**Q** 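One structure, as structure tokens, below. Some questions next.
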There are 2 protein chains.
Amino acid sequence: MARRTGRVTATDVAKEAGVSQTTVSYVLNDVSHQKISDGTRRKVLEAVAKLGYEPSAAARALRLGRSDLVLLFLPDVPVGGTLTALVELLGDELERHGLNLVTRRERHAPLKALWRELMPAAVMTAFDVADDDVAGMRAAGIHVVSAGMGPVVAPGVLTVPQTVIGTMQVDRLAATGHTRIGYAAPGDPRLRDFLDLRLDGARTACKERGLEPPVVLEVPLDISAAAAAAEQWHSAVPAVTGVCAYNDETAFALLAGMRRVGLAAPGDLAVIGVDNDKLAPFAVPPLTTIDNNLDVAVGRLARMIVSGVTGQSQPQTPQVSPLTLVVRESA
Amino acid sequence: MARRTGRVTATDVAKEAGVSQTTVSYVLNDVSHQKISDGTRRKVLEAVAKLGYEPSAAARALRLGRSDLVLLFLPDVPVGGTLTALVELLGDELERHGLNLVTRRERHAPLKALWRELMPAAVMTAFDVADDDVAGMRAAGIHVVSAGMGPVVAPGVLTVPQTVIGTMQVDRLAATGHTRIGYAAPGDPRLRDFLDLRLDGARTACKERGLEPPVVLEVPLDISAAAAAAEQWHSAVPAVTGVCAYNDETAFALLAGMRRVGLAAPGDLAVIGVDNDKLAPFAVPPLTTIDNNLDVAVGRLARMIVSGVTGQSQPQTPQVSPLTLVVRESA
DNA sequence: TTGTAGGCGTTATCAA
DNA sequence: TTGATAACGCCTACAA
């Protein structure tokens, strides 16, 4: 008695097609070193269609020692437009290859417990990850791809160079004549790691140009606080005339604060963001920003993963995500 | 010879603890009808910790006939803040209960193939789903929860009443003295279904108040186009003085367009959005909008799912997501 | 070219 | 209170 659950199994298909279950498996996975007669193949496929058979992912994973899951570990930061887009794009791309994306936040699950439990085909981390963790996963036959943010450049790593972001912001402000630079830091402490890197980039760029280091003020997503920061920059001596915002959200808040105290961009204070948020063109004035071109980066990541999983080991050269300046009116 | 893969199995734990593999299973799942002596339990747990054992999700799923995956089907619309938040919140909540969220877009995968393949513990759909599909899943022991958008009110369904959104927008405009209403439709055709419902709500509200039906214009995320629409509303006879925007994005575009042609909100044209986007307070002027309180709604959904999966069948009463008006300055 | 048989790691039934 | 043992559905040497 096999049939206790309502599930249609490969054995059912075999019975329906009048062949052995082995043959069904061969047909479905079209094994290269096996010749299947056309008649047999057709019979099997018909039976599959007729019964509506779907292979059990669990059984397959158990047998193969790896599932068709791809684990995405995200840093524990508030999801902005950037990470959202990453998840969406990646999910779409992977599912096109029969892979399923499972997303987790760093904090909740110890990385190791999860990959051991799930036996994913690949793990991707959106932050730099400890070398021995990577080694463990690789040893278990899992393909690891990480999107680091630091200066690390290694095989299997796609680097989104956070420091360069800060540098590009300062470059733009300097190019438009600003010599006293401010930096608008976000309120959320969880963004600390990213902030430090971007800020580093900005500091370096200032130093290289012989400018004073940027004047860092916190600009939370609150108009009053943003207004206070704006005034502080504006009334400093010498006055800060251009501000790098941590991201577009912060830039929006800053612009709103400036408006409240009668300061205009870019005249009184130029503002440049990061992310090229969907709403950036509609800011007042339209927001100049840095676009991280995530769609391009994610395409590469997805390709790395897919080619890794499907065996054809890609060149695996280190990749750096392209950053572009989007000039509008605020800086 | 068992050890071919590097995996630590329950058998390894048993050997280490000097008990049978069965006992390990009992301890780990603390089966209620089984008494385990404290000494045995301790030995097992120590062995688990020492070896770093993690149960195989695949084996478990195969044996149980259901995995710990929860399948989320999203409508094929551009992910706005709303859906993003939903995915994030739901994922966080579920992982707290050991469930893993897998997200798919409607278009790509036929619903049926996917749940048959994955044997998920639960399926959640962010749209109304065909009754026989639901029946099929329920028959397979899968818990189904859907977040419908229509007027359907059924057990296991959380309704986000899209029509009410339109109604509330008109209500607000009417309450502030507007009698000629406009409706700003988004450019993306994939939003059609949502649009129709929201627009219906707006139409109904107008009719009930004895107002003309809303003047519908398309406002894509493009300043020039938005400007043209704004002028058209403003110069109509009688002039449209208040506009319901499909969502906050559309509202931002509209406000930007108005600015370009010298129209001010709410004086020349009042604008009310939907979503309470993070950036809404920073619009010029700050955007009045409808908040769908997704966090609340998602909390309920997650609870429905978790309680369904863990067995304790919740009341399962139909739920309606709470909508609130957030008054700022644009309307 | 097709079929037989064994095992992947778990849970659950039954006997000890 | 504990331990053998049989599935769960699939893949894959190996035999026919």
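All values derive from a computational prediction rather than experimental measurement. Just so we're on the same page: letters track the sequence lines, and every chain starts at 1.
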**Q** Choose from C:dT11, D:dA4, D:dT1 the nucleotide whose nearest atom is closest to any side-chain atom of B:Ser37.
**A**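 Shortest atom-to-atom distance from the side chain points to D:dT1.
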**Q** Can you confirm whether the side chains of A:Ser25 and A:Thr22 place a donor and an acceptor under 3.5 Å from each other?
**A**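 Judged by distance alone, the side chains do not pair up.
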**Q** Closer to the 5' end of DNA chain D via nearest nucleotide, is it B:Ile36 or B:Ala59?
**A**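 The residue closer to the strand's 5' end, by nearest nucleotide, is B:Ile36.
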**Q** Over how many whole Å does the gap from B:Arg66 atom CZ to C:dT10 atom P extend?
**A**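 To the nearest whole Å, that distance equals 19 Å.
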**Q** Specify the separation, in whole Å, of atom CZ of A:Arg60 and atom P of C:dG9.
**A**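 Going from CZ in A:Arg60 over to P in C:dG9 covers 18 Å.
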**Q** Just to confirm, is there a sub-4.0 Å distance from OP1 or OP2 of C:dC8 to any side-chain nitrogen or oxygen of B:Ser56?
**A**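 Checking C:dC8 against B:Ser56, no side-chain N or O comes under 4.0 Å of OP1 or OP2.
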**Q** Between B:Arg60 and A:Glu117, is the closest basic N to carboxylate O distance under 4.0 Å?
**A**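 No, no charged N to carboxylate O under 4.0 Å.
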**Q** Can you tell me the distance, in whole Å, between the CZ atom of A:Arg63 and the C1' atom of D:dC11?
**A**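 That distance rounds to 4 Å.
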**Q** In whole angstrom, what separates B:Leu64's CG from D:dG9's P?
**A**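 Rounded to the whole Å, the gap is 12 Å.
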**Q** Specify the closest pair of heavy atoms between A:Ser56 and B:Met119, including all atoms of both residues, with the distance to one decimal.
**A**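 Minimum heavy-atom contact is OG-CE, 3.6 Å.
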**Q** Would you please say whether a donor-acceptor pair under 3.5 Å links the side chains of A:Ser37 and A:Thr40?
**A**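 A:Thr40 and A:Ser37 do have a side-chain donor-acceptor pair below 3.5 Å.
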**Q** Can you find a side chain N or O atom of B:Thr40 that sits less than 4.0 Å from OP1 or OP2 on D:dT2?
**A**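 So the side-chain polar atoms of B:Thr40 do come within 4.0 Å of the phosphate oxygens OP1 or OP2 of D:dT2, strictly under.
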**Q** I'd like to know if B:Tyr26 reaches the base of C:dT13 with its side chain, counting only an N/O donor and acceptor under 3.5 Å.
**A**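 Between C:dT13 and B:Tyr26, which were checked side chain against base, a qualifying N/O pair under 3.5 Å is present.
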**Q** Tell me whether the side-chain N/O atoms of A:Ser25 come closer than 4.0 Å to OP1 or OP2 in D:dC11.
**A**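 Yes, such a contact exists.
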**Q** Taking only N and O in the side chain of A:Thr22, is any of them less than 4.0 Å away from OP1 or OP2 of C:dG3?
**A**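 No, outside the criterion.
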**Q** Has A:Ser20 got a side-chain N or O lying under 4.0 Å from the OP1 or OP2 atom of C:dG3?
**A**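 True: A:Ser20 side-chain N/O within range (under 4.0 Å) of C:dG3 OP1/OP2.
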**Q** When you check the phosphate oxygens OP1 and OP2 of C:dC8, does a side-chain N or O of B:Arg7 lie under 4.0 Å from one of them?
**A**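 No, outside the criterion.
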**Q** Between A:Gln21 (CD) and C:dG6 (P), how many Å, whole number?
**A**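 Rounded to whole Å, this separation is 15 Å.
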**Q** I'd like to know if B:Glu46 and B:Lys43 make a salt bridge, using a cut-off of under 4.0 Å between side-chain N and carboxylate O.
**A**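 Judged by the 4.0 Å cut-off on N to carboxylate O distance, B:Glu46 and B:Lys43 do not form a salt bridge.
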**Q** Without decimals, in angstroms, what is the distance between A:Arg42 CZ and C:dT2 C1'?
**A**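 The answer, rounded to whole Å, is 17 Å.
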**Q** Starting at CD of B:Glu117 and ending at P of D:dC8, how long is that distance when rounded to a whole Å?
**A**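 Rounded to whole Å, this separation is 20 Å.
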**Q** D:dT12 P sits how many Å from A:Leu62 CG, rounded?
**A**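 Roughly 13 Å, once rounded to whole Å.
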